[in-house]
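Encoded as structure tokens, the structure appears first; notes follow it.
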Amino acid sequence: MATFLYRLGRLAFRRRRLVLLAWIAVLVAAVIGVSSVSGSTTDDFTLPGTQSQQAIDLLEKEFPQASAAGATARVVIEAPDGQKLTSAAHKHEVESLVAELRKARQVASVTDPFTAGLVSSSGSIAYAQVTYAVPQADITPAASDALHEVADKGEKADLNVSLGGNAVLEEEESNAAELIGLLVAAFVLVITFGSLVAAGLPLVSAIVGVGIALCAITVASSFVDMASNAQTLALMLGLAVAIDYALFIVSRYRTELREGHAPEEAAGRALGTAGSAVVFAGLTVVIALAGLSVIGIAMLTTMGLAAAFAITVAVLVALTLLPATLGFTGTRVANGRLTTRRVRAEQHGRRVTMGVRWGRFVTRHPWKMLLASVVGLGVLAIPALSLRLTLPDDSMAAPGSTQRVAYDTLSKGFGPGFSGPLTIVVDARDSDDAKTAATDTSVMLDGLDDVATVRPPVFNEAGDVALITAVPSSPPTSQETVDLVADIRDRSGVVEKDSGTQVMVTGTTALNIDVSAKLGEAMVPYLAIVVGLALVLLLLVFRSVLIPIKAAAGFLLSVVATLGVLVAVFQWGWLKDVFGVDETAPIVSLLPILLIGVVFGLAMDYEVFLVSGMREAYVHGAGPTEAIVTGFRHGARVVTGAAIIMISVFAGFLLDDIALVKSIGMGLATAVLFDAFVIRMTLVPAVMTLLGARAWALPRWLDRLLPNVDVEGEKLRRVLAEHDRQTRIPAQSDQEPTAPAPLG
């Protein structure tokens, strides 16, 4: 692979104009594609095999008029202070709004607050439940606009109207997070390279790659149901890894130039060495993200595949467009005019680098550094024992948004459970007395402590399937509501045994609980798959048994510590004001799985880049401890810069008002911080110092079985060294020395 990448780098360098035009054509085509389609996103879930999905399927068959799979909206209406909606004037306005809603596009049914008992005891708050004939993904902009027009009409009538439910489309998000991340990344790149030209190349390649990926994802959303946060995740990861990968390659290119190689040769060698690590790191992230599809949840699948596509584009850009742009800059990339006197002294060997000093410090105190790392992360991981999972709902919407206002108004008027009612389906098709079974179920529900109200059963035309709505006393994301759903399902077994009637709990709240439970159950098997993949890949790369085990253990430690921090901030509320967390809630159930997949790839990225330098030094005769320090000399500065860039890009999303985006940003930033600086820069050299030469041991029988993938380009370096010796044969005394010929 290293030899192929070496030739690819030289080819892209030579054919730079053609490569640049090709990528510009791809970008233009992607932009044209976006302008010609109307993509849409969704947060709908289907969960085959669960009781909630089974009940939804039955409702679609027996209550087609209910549109069980259709999108829903809650139009929440509040009278001005000191007034009531039951007054003649306000009642007329509310009924007029309901009439407008019933005429709106794609609407299947609308409940009148006054006839359905959806007016608060104070008479000041009411809501109309709107059910659409199509799922959320098929809601048209015209239907969404009609909903907002009704809200505007209510506002003009001096009523406070807000909208909730999954039929309400999200507003466009701010680009502040991406801009802040880019600015910080630019600053770090300038500090790392000391050159505006060198710093600009990773940013340009990242912007091109992310732009193409996001346009393609938008086009794809016109043909498949795309999760609403898929683009955000793709942007977040694509931007961070694209800058990182370009940083690795540009850094190696500058090193090759300083060693006296011509620019084209330097580009080939940079791609053959650092490019191999980029391919490996990108492959691990893509596999981990694409692996999310095996969990069986469509929303998670689209998020994983969209992010994996963005990573793939980032790798392709780094391997082709970046060496082409290096061809336009030539040796100017190596001119570090903005570097400090200390950095220039380090580059010329007159001063020991900070990375070398840190490496020597760790290798002198391995036990202390190992214990400090493990104990520190272990303490941070303790809150993870209290991890609870949920799915985002209107309570996690941005403060001030119409969804959040609707949720808060409903909670004030009816109690926190009204935003997440439970739908109880009584399937009495095998029972002799369906009405008695439904009545018994209603009595059972009414006797539960955490049930606020139970509405009378509604039967289908055949009279053998009943629909009962129960409103919990607690919020939809609370543990009390989770326990209530479990309690109803436990008690339904008694009803089924006595009357042959099956009682099922469904609705958005129950479906969210089932999804969270499934994701929680899938977390450990998925983690085992990812760790197993890490062990195999690192075994191939480093041809060592102990290094992969050490790397996987460090990865696990950084993940659980990150989950502990997330629980402490978002679930317990520690430092929530510092991080702008408006309200504590369980962790979004998608986050731990995403965290595992993403951090795995990033951890292997830093592991390969740092440890490959150590292995190279060890193979060339350095002692185990000396090899560790040598690896830090070549890789610490780049890994540090790359980690700071990633942390900055991810942390920028803490400024987002949406709880899911905020938690993803914080989770990824924290994970990179722990993995790069605590695990890779501290725990790894400490463990390798204690292991000594045993760190690189590999049984002979296993050595014969494993293929040599040559990720760090060791074979390529040997071939190039031999090639250089052959092309530098002394010429005749009256002739000039022969210039080295290119390989291949």
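The ring-ring contact (aromatic ring centres under 6.0 Å, His included) search around Phe570 returns none, not counting sequence neighbours. Taking Tyr407 as the reference, nothing meets the side chain to side chain donor-acceptor pair (under 3.5 Å) condition, with sequence neighbours excluded. Here Thr477 pairs with Thr390, Asp393, Ser395, Met396, Pro586 under the side chain to side chain contact (heavy atoms under 4.5 Å, CB included) rule; sequence neighbours left out. Shown here are the side chain to side chain contact (heavy atoms under 4.5 Å, CB included) partners of Ala384, two or more places apart in sequence or in another chain: Leu563. With sequence neighbours excluded, the residues forming a side chain to side chain contact (heavy atoms under 4.5 Å, CB included) with Phe328 are Arg16, Arg17, Leu20, listed by chain and number. Judged as a side chain to side chain contact (heavy atoms under 4.5 Å, CB included), and not counting sequence neighbours, the contacts of Thr329 are Val197, Leu201, Leu326, Arg332, Val333.
In this structure the side chain of Tyr526 reaches within 4.5 angstrom of the side chain of Leu292, judged on heavy atoms. Looking at heavy atoms from C-beta onward, Met681 lies in side-chain contact with Thr640 at the 4.5 angstrom threshold. Two residues are said to be in side-chain contact when any heavy atoms from C-beta on lie closer than 4.5 Å; Val567 and Ile587 meet this criterion. In this structure, the side chains of Phe361 and Met369 come closer than 4.5 Å at one or more pairs of heavy atoms. Contact annotation: the side chain of Phe650 approaches that of Val672 to within less than 4.5 Å [non-hydrogen atoms, C-beta and beyond]. Using a 4.5 Å heavy-atom cutoff, the side chains of Met523 and Ile596 are in contact. With contacts defined as side-chain heavy-atom distances shorter than 4.5 Å, the pair Lys550/Glu607 qualifies.
Minimum interatomic distance between Pro323 and Ala12 (heavy atoms only, all atoms of both residues): CG-CB, 3.7 Å. A pairwise comparison of heavy atoms in Leu377 and Ala561 identifies O-CB, 3.6 Å as the closest pair. Closest of all the heavy-atom pairs between Ala274 and Arg252 is CB-CB, 3.8 Å. When all heavy atoms of Gly282 and Val315 are compared, the closest pair comes out as CA-CG2, 3.9 Å. For Gly238 against Ala310, the heavy-atom pair with the smallest separation is CA-CB, 4.3 Å. Nearest heavy-atom pair, Ala230 versus Ala306, reported as atom, atom and distance to 0.1 Å: CB-CB, 4.0 Å.
For the side-chain contact (heavy atoms from CB on, under 4.5 Å) with Phe674, the qualifying choice from Val560, Leu380, Leu683 is Leu380, the only one to do so.
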For Val286 and Phe309, what are the C-alpha separation, side-chain angles and deciding distance, and is it a side chain to side chain contact (heavy atoms under 4.5 Å, CB included)? CA-CA 8 Å; Val286 168; Phe309 176 73; over 6 Å; no
Can you check side chain to side chain contact (heavy atoms under 4.5 Å, CB included) on Leu322 and Val317, steps first, answer last?
-> CA-CA 6 Å; Leu322 184 59; Val317 167; 5.7 Å; no
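Sorted by first then second residue, the side chain to side chain donor-acceptor pair (under 3.5 Å) pairs that include residues 300-320, not counting sequence neighbours, are Trp23-Thr320. Applying the salt bridge (charged side-chain N to carboxylate O under 4.0 Å, His left out) test to residues at least two apart or on different chains, none of the pairs has a partner in residues 304-314. Pairs passing the salt bridge (charged side-chain N to carboxylate O under 4.0 Å, His left out) check and including a residue from residues 665-676, sequence neighbours excluded, read Asp675-Arg680.
With rounding to the nearest 0.5 Å, the separation of CG in Leu316 from CG in Leu321 is 11.0 Å. Note that CG of Asn166 is 8.0 Å distant from CD1 of Ile139, once rounded to the nearest 0.5 Å. For the atom pair Leu389 CG and Ser516 OG, the distance stands at 6.0 Å (nearest 0.5 Å). Atom CG of residue Leu527 and atom CG of residue Leu595 lie 10.5 Å apart, to the nearest 0.5 angstrom. The distance from the CD1 atom of Ile644 to the CZ atom of Phe187 is 9.5 Å, given to the nearest 0.5 Å. Considering CG of Asp244 and CG of Leu239, their distance stands at 10.0 Å, rounded to 0.5 Å.
Inspection of the Gln571 and Ser386 side chains reveals no N or O donor paired with an N or O acceptor under 3.5 Å.
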Which pairs of donor and acceptor atoms, one on a side chain in residues 658-670, lie under 3.5 Å apart (sequence neighbours left out)?
| from | atom 1 | to | atom 2 | distance (Å) |
| --- | --- | --- | --- | --- |
| Lys662 | NZ | Gly580 | O | 3.4 |
| Lys662 | NZ | Leu654 | O | 2.6 |
| Lys662 | NZ | Asp656 | O | 3.1 |
| Ser663 | OG | Ala659 | O | 3.1 |
| Ser663 | OG | Leu660 | O | 2.8 |
| Thr670 | OG1 | Met666 | O | 2.7 |

